[in-house]
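Chain letters run A, B, ... following the sequence lines, proteins first and then strands; every chain starts at 1.
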Protein chains: 2
Amino acid sequence: MGVTYRSECPIARTLDVVGDKWTLLVLRDALVFGRKTFAEFEHGRERIPTNLLADRLKRLVDCGLLKKVPYQEAPKRYHYVPTPEGEAVLPVIRAMKDFGEKYLEGKAPVA
Amino acid sequence: MGVTYRSECPIARTLDVVGDKWTLLVLRDALVFGRKTFAEFEHGRERIPTNLLADRLKRLVDCGLLKKVPYQEAPKRYHYVPTPEGEAVLPVIRAMKDFGEKYLEGKAPVA
DNA sequence: CTGGATCCTGATGGATACTG
DNA sequence: CAGTATCCATCAGGATCCAG
């Protein structure tokens with residue numbers, strides 16, 4: 001909230017929203033693997049720490065890329081499901097997948 | 001160098017290489033604005049701190065997305081220019097541009 | 001002056017333990 | 001199951017410094 005984007009550039013803005021090591025992975029799990037619950041996101045292959053997962057889910061909900069939908073009472077439980085805006089990031093995820101497959105397979109990481 | 005990727009997923013691998021707030025912006029400057037020198041990268045609209053710029057340029061060179069080409073002796077000066085692998089990230093940058101233009105224009109940031 | 005390197009401080013990341 | 005809390009390590013960001 002209340003923070004400003006670094007610039008008017010749409011690329012910079014996109015990075016301000018999803019430009020970190022986990023956010024797009026959470027979105028991938030939601031969009032391509034259909035994961036919905038906290039536990040489903042948590043137990044993906046990359047083992048995101050629970051505090052970061054909670055934070056990323058909250059952010060994604062706050063900025064309108066995911067929405068919380070209740071699926072159970074007592075105790076209240078929620079599914080995290082992509083909004084149309086959330087689905088709109090699929091092309092960037094696909095582009096990353098293509099890039100990763102073409103250039104990063106079997107290649108040692110540098111950083 | 002010796003670090004391992006978080007998983008075999010090509011998306012996760014791509015994020016391990018370019019998944020932070022600055023790397024893709026540097027790549028954007030190189031690929032779409034044709035910037036080459038340290039100063040050209042530094043004086044973009046987003047004002048990246050010099051230490052981060054130096055670090056990101058080095059990483060990008062180390063992982064083969066940019067290469068240093070000398071263009072002057074005494075003192076040695078270099079251009080940072082995209083390799084073919086570097087050019088291969090253009091689709092992800094374009095996808096981010098599309099997303100940013102469609103969904104983030106005039107919208108307040110959340111984080 | 002360009003191309004960084006260094007230093008310092010506050011923010012973020014990440015592992016694990018704990019709670020409703 | 002779905003998160004919080006805690007603690008420590010690392011990184012970001014800004015200022016400044018240094019070498020060619």
Are the charged groups of K21(B) and E46(B) less than 4.0 angstrom apart, N to O?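 Salt bridge: no.
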
Go nucleotide by nucleotide along DNA chain D from the 5' end; which of K76(A) and R6(A) gets its closest nucleotide reached first? K76(A)

Please compare Y71(A) and R77(B) by the position of their nearest nucleotide in DNA chain D and report the one closer to 5'. Y71(A)

Determine which pairs satisfy salt bridge (Lys or Arg N to Asp or Glu O under 4.0 Å) with at least one residue from residues 5-14 of chain A, sequence neighbours left out, and list them in order. R6(A)-D16(A), E8(A)-R13(A)

Boundaries of the DNA chain C segment in contact with chain B, non-hydrogen, under 4.0 Å: dT2(C) to dC7(C)

Got a list of side-chain donor-acceptor pairs under 3.5 Å for residues 48-55 of chain A, not counting sequence neighbours?
residue : atom : partner : partner atom : Å
D55(A)  : OD2  : R59(A)  : NE           : 3.1

To the nearest 0.5 Å, what is the distance between [atom1] ([X]) and [atom2] ([Y])?
X	Y	atom1	atom2	answer
C63(A)	K58(A)	SG	NZ	13.5 Å
L15(A)	W22(B)	CG	CH2	10.0 Å
L65(B)	L57(B)	CG	CG	12.0 Å

Would you say F33(B) and V18(B) are hydrophobically clustered, going by side-chain heavy atoms of ILVMFWY under 4.5 Å?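 Yes, same cluster.
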
Find out if a path of hydrophobic residues (ILVMFWY) with successive side-chain heavy-atom gaps under 4.5 Å connects V81(B) to L60(B).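 The answer is no; the residues belong to distinct hydrophobic clusters.
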
With a 4.0 angstrom cut-off to heavy atoms of chain A, pull out the first and last contacting nucleotide of DNA chain D, in 5'-to-3' order.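 Counting from the 5' end, contacts occupy dC1(D) to dT6(D).
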
Looking across every strand, which nucleic acid part, if any, lies under 4.0 Å from R56(A) by heavy atom: base, sugar-phosphate, or nothing? sugar-phosphate

I'd like a table of donor-acceptor pairs (distance under 3.5 Å, sequence neighbours excluded) in which one partner is a side-chain atom from residues 70-79 of chain B, with atom names and distances.
residue : atom : partner : partner atom : Å
Q72(B)  : NE2  : P75(B)  : O            : 3.0
E73(B)  : OE2  : K76(B)  : NZ           : 3.2

Of the residues in residues 25-51 of chain A, which ones touch DNA chain C at a heavy-atom distance under 4.0 Å?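 Nucleic-acid contacts, sorted: P49(A), T50(A), N51(A).
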
Going by heavy atoms in the side chains, are V17(A) and T23(A) under 4.5 Å from each other? no

